Amino acid sequence: QNNKGDKHNWIDGNASMHELEQINVSEFHPWGTKASVYEIAVRIVFDLNPHPTVKWQRVRAAARYLSEQLQSIGLQSFLRTSGGKGFHVVVPLHPSAPWDKVKQFAQAVAQAMAQLRPAEFVSVAGEKNREGKIFVDWLRNGRGATSVASYSLRARATAGVAMPIEWDELAKIKECEPFTIKNPVPPI
């Protein structure tokens, strides 16, 4: 607990991880920060969340497109499966930045994508808003907001895994949930 009354939990080693395993914790959703500097963001996460009618090829293309747009302004990103139906495009921040600025930037990127390609993307949450489109979820970037951690299991029927992948592996991923507890290597 800090002097503002905020309470924060973190894993400080293998013992902490084993304790969480013992109480059946399967999903880990950290803030976009570090315990030592939690008042500022150290990464931005864009969650590409497709409507069920969106074909997988479009989701892969969306991840590539977002990465290219970020590169055009000097930001490098890495890719991970979400353990669900989409991808996370993650941007490490060097230097880190205030939460409000990161959230504003993430929202502006999502809105720009929706304006540039309105048939493909939407920046507003809600099932009715994303019919046939991919929601560029920028809401994971505010103070206290979370996104699933890399290598975390998801509490879903398939027990998907949020798995980092190399950009050159993207074209080889043939389905939306390639990594699961039973299949930690993607079917290629």
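Every value quoted in this text rests on a predicted model; they were computed, and no experiment measured them.
In this structure, the side chain of W138 engages the main chain of S123 through a donor-acceptor pair within 3.5 Å. The closest donor-acceptor contact from the side chain of T81 to the backbone of V161 lies under 3.5 Å.
Taken to the nearest 0.5 Å, the CD atom of E68 stands 13.5 Å off from the CD1 atom of I73. We find the CZ-OG distance between F78 and S150 to be 4.5 Å, quoted to the nearest 0.5 Å. Here the CD atom belonging to E169 is positioned 9.0 Å from the CG atom belonging to L79, to the nearest 0.5 angstrom. To the nearest 0.5 Å, atom CZ of residue R43 and atom NE2 of residue H94 are 11.0 Å apart. One finds the CG atom of L93 at 9.5 Å from the CD1 atom of I40 (value rounded to the nearest 0.5 Å). In this structure, the separation between CZ on R64 and CG on L170 is 5.0 Å, given to the nearest 0.5 Å.
A donor and an acceptor atom, one from each side chain of R130 and H51, are nowhere located under 3.5 Å apart.
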For a quick test of your reading: what N or O donor-acceptor pairs under 3.5 Å do the side chains of residues 106-115 make, sequence neighbours left out?
none

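Looking only at side-chain heavy atoms (C-beta outward), F135 and P50 stay at 4.5 Å or farther from each other. Counting heavy atoms from C-beta on, the side chains of V59 and K85 never come closer than 4.5 Å.
Hydrophobic clustering (ILVMFWY, side-chain heavy atoms < 4.5 Å, transitive): I173 and V54 are in one cluster. Placement of V45 and W167 in two distinct hydrophobic clusters is found when ILVMFWY residues are connected by side-chain heavy-atom separations under 4.5 Å, directly or transitively. Under the 4.5 Å side-chain contact rule for hydrophobic residues, L48 and V124 do not share a cluster. Hydrophobic clustering, with ILVMFWY side chains joined whenever heavy atoms are under 4.5 angstrom apart, groups F121 together with V89. Cluster annotation: F105 is connected to L66 through the hydrophobic network of ILVMFWY side chains, with a link wherever side-chain heavy atoms come within less than 4.5 Å.
Judged as a side chain to side chain contact (heavy atoms under 4.5 Å, CB included), and not counting sequence neighbours, the contacts of L116 are Y65. Residues satisfying the salt bridge (charged side-chain N to carboxylate O under 4.0 Å, His left out) criterion with R58, sequence neighbours excluded, are E120.
Considering every non-hydrogen atom in both L70 and S77, the closest pair reads CD1-CB, 4.3 Å. Considering all non-hydrogen atoms of both residues, Y151 and M163 come closest at CE2-SD, 3.6 Å. Minimum interatomic distance between I44 and N141 (heavy atoms only, all atoms of both residues): CA-OD1, 3.3 Å. Closest non-hydrogen pair, A171 versus R60, comes out as O-NH1, 3.6 Å. In this structure, R80 and A149 approach most closely via the heavy-atom pair NH1-C, 4.2 Å. Residue K103 comes nearest to G142 through the heavy atom pair CD-CA, 3.9 Å, listed as atom of the first residue, atom of the second, then distance.
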Take Q76 and V91 through the test side-chain contact (heavy atoms from CB on, under 4.5 Å) and record every step on the way to the result. CA-CA 6 Å; Q76 297 299 310; V91 180; over 6 Å; no

Could you give me the CA-CA distance, side-chain angles and deciding distance for W56 and F87, then say whether ring-ring contact (aromatic ring centres under 6.0 Å, His included) is met? CA-CA 11 Å; W56 181 240; F87 287 110; 5.1 Å; yes

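Other residues, nucleotides and ligands contribute more than 12 heavy atoms inside 6.0 Å of the CD atom of Q57.
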